[in-house]
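Presented below is the structure to which this report refers.
Sequence lines set the chain letters: A, B, ... in the order given, protein chains first and strands last, and positions in each chain run from 1.
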Number of protein chains: 2
Amino acid sequence: MSDLKRHPSQLRVVPEPTGKVTKADRTRAVILNAALEFIWSHPFRELSVNSLMASTGLSRAAFYQYFEDIHKMMETLLHMLAEEIFASANIWLEGVGDPVALLNESFQGLTQSCYQHGPFLRAVADASTTDERFEKSWGQFLSAFDDTGNARIQADQAQGLIATFDTRPVIFALNRVNAYTFIDAFGQRPRKQPKPIQEALARIWISTLYGAQYVEKGASNLIRK
Amino acid sequence: MSDLKRHPSQLRVVPEPTGKVTKADRTRAVILNAALEFIWSHPFRELSVNSLMASTGLSRAAFYQYFEDIHKMMETLLHMLAEEIFASANIWLEGVGDPVALLNESFQGLTQSCYQHGPFLRAVADASTTDERFEKSWGQFLSAFDDTGNARIQADQAQGLIATFDTRPVIFALNRVNAYTFIDAFGQRPRKQPKPIQEALARIWISTLYGAQYVEKGASNLIRK
DNA sequence: CTAATATCTGACACTATGTCAGATTTGAAA
DNA sequence: TTTCAAATCTGACATAGTGTCAGATATTAG
């Protein structure tokens, strides 16, 4: 336990750095990290409480002290990923200034995060089909982008930056292209190269929203470091 | 058995109309139809050999006379759906004439098929994450569109109809937007309205490939009946 | 009608889940 | 350092699903 190697997905759970760290905090982190490690090299369908706890040295029953079931555990992990992803998305969603530049910057961070955590992102998506409650969580995660994206498009339409059309189904589709392109491209190793994917997605969004003339291959170079 | 009501998904399996119809042919069809019926109103995760065979009146063991497991059965059903979908897609993929008109016509049929069979399409996608072999089949189904779509784009680029860019990742993303927008929009009832989804997808494809000036709301009216 | 064949079934071995009473470990107060 | 109540962990059980097989039953060609 003392010399755990860095987790390849870069996502790690550490017990709250503030306040007293109980045994339970440490055990919980051990389980979550074992899950991340497992998911990095196995599909979600092979993750059982059995296989997971075997890799921790604890008994299977101990798992249920911490999580109601595997999907409740995935929910915890989804929240971690969601925070990181929202941060990148918000650059465009809530930024001010040239929207095309903001979009390019968003996609830069989004692509990096999704590439970094590809297999884990995929595991979350896979998990969403096998449990009713978690399906709802995943749906809410996706639809959060629909709502904020819709607001952004309508604001840009009001300013005359985007043509007038029925925004809801368009942002719905644009969000799905991102989610599932990332999942399919980065969800299993060997992952596809991130740059061409990023450029393709940026091309699609920019062409659809602002017009093809704003698609610039070198756009990402204009962004601060 | 004699007065089976029409299946709501419109997809039905009937024993080969040509040649002798054995008991096995009929039983096989009974099982497949029970699966379609089940899937129309339940998520794939609730489809077990248990629940399926209970609804046929046959024993659970009988299932294994016809299919290796649930995913092999889904494979059979996927092939039926794939045929119908390829037919619509080929209008654009292999048609000659105004590509924007062809694309609109493709999307008309594609949207109709996916709306019609929405819950079933979703079941197939869900099933793809829970079995290694079936995951491969679903992947091949999707990537077939990548290959033929790629050829089509490159042909249009050669004619100067589409700007020059790295085609592979763009068609990859465009195919995912269709697949997963249809699945999310039509996969669970109440399904979203098909028309706005069709128009949104057409807008995205046309803007990305041919330019926003070709996006025409009334385009689908130009198509023969 | 009959017998050979096709189809179907009950019962078994296996794997996984979630729960609980009781065993063990932890760590704060003495 | 010792103590002991609370925190944590475990083995064993009940339940549910899978895939297989020997043998029972139904079908159909002759």
Side-chain angles (χ1 to χ4, degrees), chain A residues 1-2 13 15-16 18-35 38-39 42-76 123 126-135, chain B residues 1-2 13 15-16 19-35 38-39 42-76 123 126-127 129-135:
Chain A
M1 277 291 300
S2 56
V13 179
E16 276 299 314
T18 161
K20 190 165 33 104
V21 174
T22 73
K23 179 119 191 286
D25 293 330
R26 269 175 283 130
T27 302
R28 192 182 146 92
V30 163
I31 295 173
L32 288 170
N33 287 323
F38 186 96
I39 279 171
H42 302 81
F44 174 76
R45 61 177 166 273
E46 288 172 14
L47 177 63
S48 64
V49 179
N50 250 332
S51 61
L52 174 59
M53 295 308 282
S55 80
T56 66
L58 292 166
S59 77
R60 196 172 61 77
F63 175 87
Y64 296 98
Q65 296 276 322
Y66 298 94
F67 306 100
E68 206 175 316
D69 57 33
I70 278 283
H71 291 91
K72 270 289 167 67
M73 184 195 72
M74 292 303 290
E75 187 130 11
T76 302
D126 287 356
S128 77
T129 69
T130 51
D131 180 80
E132 186 170 1
R133 280 170 317 179
F134 191 61
E135 185 175 55
Chain B
M1 276 290 300
S2 56
V13 178
E16 276 299 314
K20 187 164 40 99
V21 174
T22 73
K23 178 120 191 285
D25 292 331
R26 270 176 282 127
T27 302
R28 193 183 146 91
V30 163
I31 295 173
L32 289 170
N33 287 323
F38 186 96
I39 280 170
H42 302 82
F44 174 75
R45 61 176 164 272
E46 288 172 15
L47 177 63
S48 63
V49 179
N50 249 332
S51 61
L52 173 60
M53 296 308 283
S55 80
T56 66
L58 292 166
S59 77
R60 196 172 62 76
F63 176 87
Y64 296 97
Q65 297 277 322
Y66 297 95
F67 306 100
E68 203 174 317
D69 56 34
I70 278 283
H71 290 91
K72 272 286 166 70
M73 184 196 72
M74 292 302 291
E75 188 131 10
T76 301
D126 288 356
T129 69
T130 51
D131 181 80
E132 187 171 1
R133 280 169 317 178
F134 191 61
E135 185 175 56

Would you indicate which nucleotide in dT17(C), dG27(C), dG19(D) comes nearest to any side-chain atom of Arg26(A)?
-> dG27(C)
Rounded to the Å, how far apart are Phe67(B) CZ and dT7(C) P?
-> 13 Å
OP1, OP2 of dG19(D) versus side-chain N and O of Tyr64(B): anything below 4.0 Å?
-> yes
Keeping to residues at least two apart or across chains, list the salt bridge (Lys or Arg N to Asp or Glu O under 4.0 Å) pairs with something in residues 47-59 of chain A.
-> none
In whole angstrom, give the distance that lies between atom CD of Glu68(A) and atom C1' of dT19(C).
-> 13 Å
Give the rounded distance in Å between these two atoms: CE of Met73(A) and P of dT17(C).
-> 11 Å
What residues, two or more places apart in sequence or in another chain, satisfy side-chain contact (heavy atoms from CB on, under 4.5 Å) together with Thr129(B)?
-> Asp126(A), Thr129(A)
Residue set satisfying salt bridge (charged side-chain N to carboxylate O under 4.0 Å, His left out) with Glu135(B), at least two apart, ordered chain then number -> Arg45(A), Arg122(A)
Atom CG in Leu47(A), atom CE in Met73(A): separation rounded to 0.5 Å?
-> 5.0 Å
Which residues share a ring-ring contact (aromatic ring centres under 6.0 Å, His included) with Phe134(B), sequence neighbours left out = none
Residues two or more places apart in sequence or in another chain: which of them pass side chain to side chain donor-acceptor pair (under 3.5 Å) with Thr130(B)?
-> His71(B)
Strictly below 4.0 Å, heavy-atom distances to any atom of DNA chain D: list the hits from residues 47-56 of chain A, or just say none.
-> none
Between the protein and nucleotides 6-12 of chain D, list the N/O to N/O atom pairs that are separated by less than 3.5 angstrom.
residue	atom	partner	partner atom	Å
dT8(D)	OP1	Ala24(A)	N	3.2
dC9(D)	OP1	Lys23(A)	NZ	3.1
dC9(D)	OP1	Thr27(A)	OG1	2.9
dC9(D)	OP2	Tyr66(A)	OH	2.6
dC9(D)	N4	Gln65(A)	NE2	3.4
dT10(D)	OP2	Ser59(A)	N	2.7
dT10(D)	OP2	Ser59(A)	OG	2.9

Taking side chain to side chain donor-acceptor pair (under 3.5 Å) as the test, write out the residues that go with Ser51(A), two or more places apart.
-> Ser48(A)
Return the set of residues passing salt bridge (charged side-chain N to carboxylate O under 4.0 Å, His left out) with Arg133(B) (not counting sequence neighbours), or none when no residue passes.
-> Glu68(B), Asp69(B)
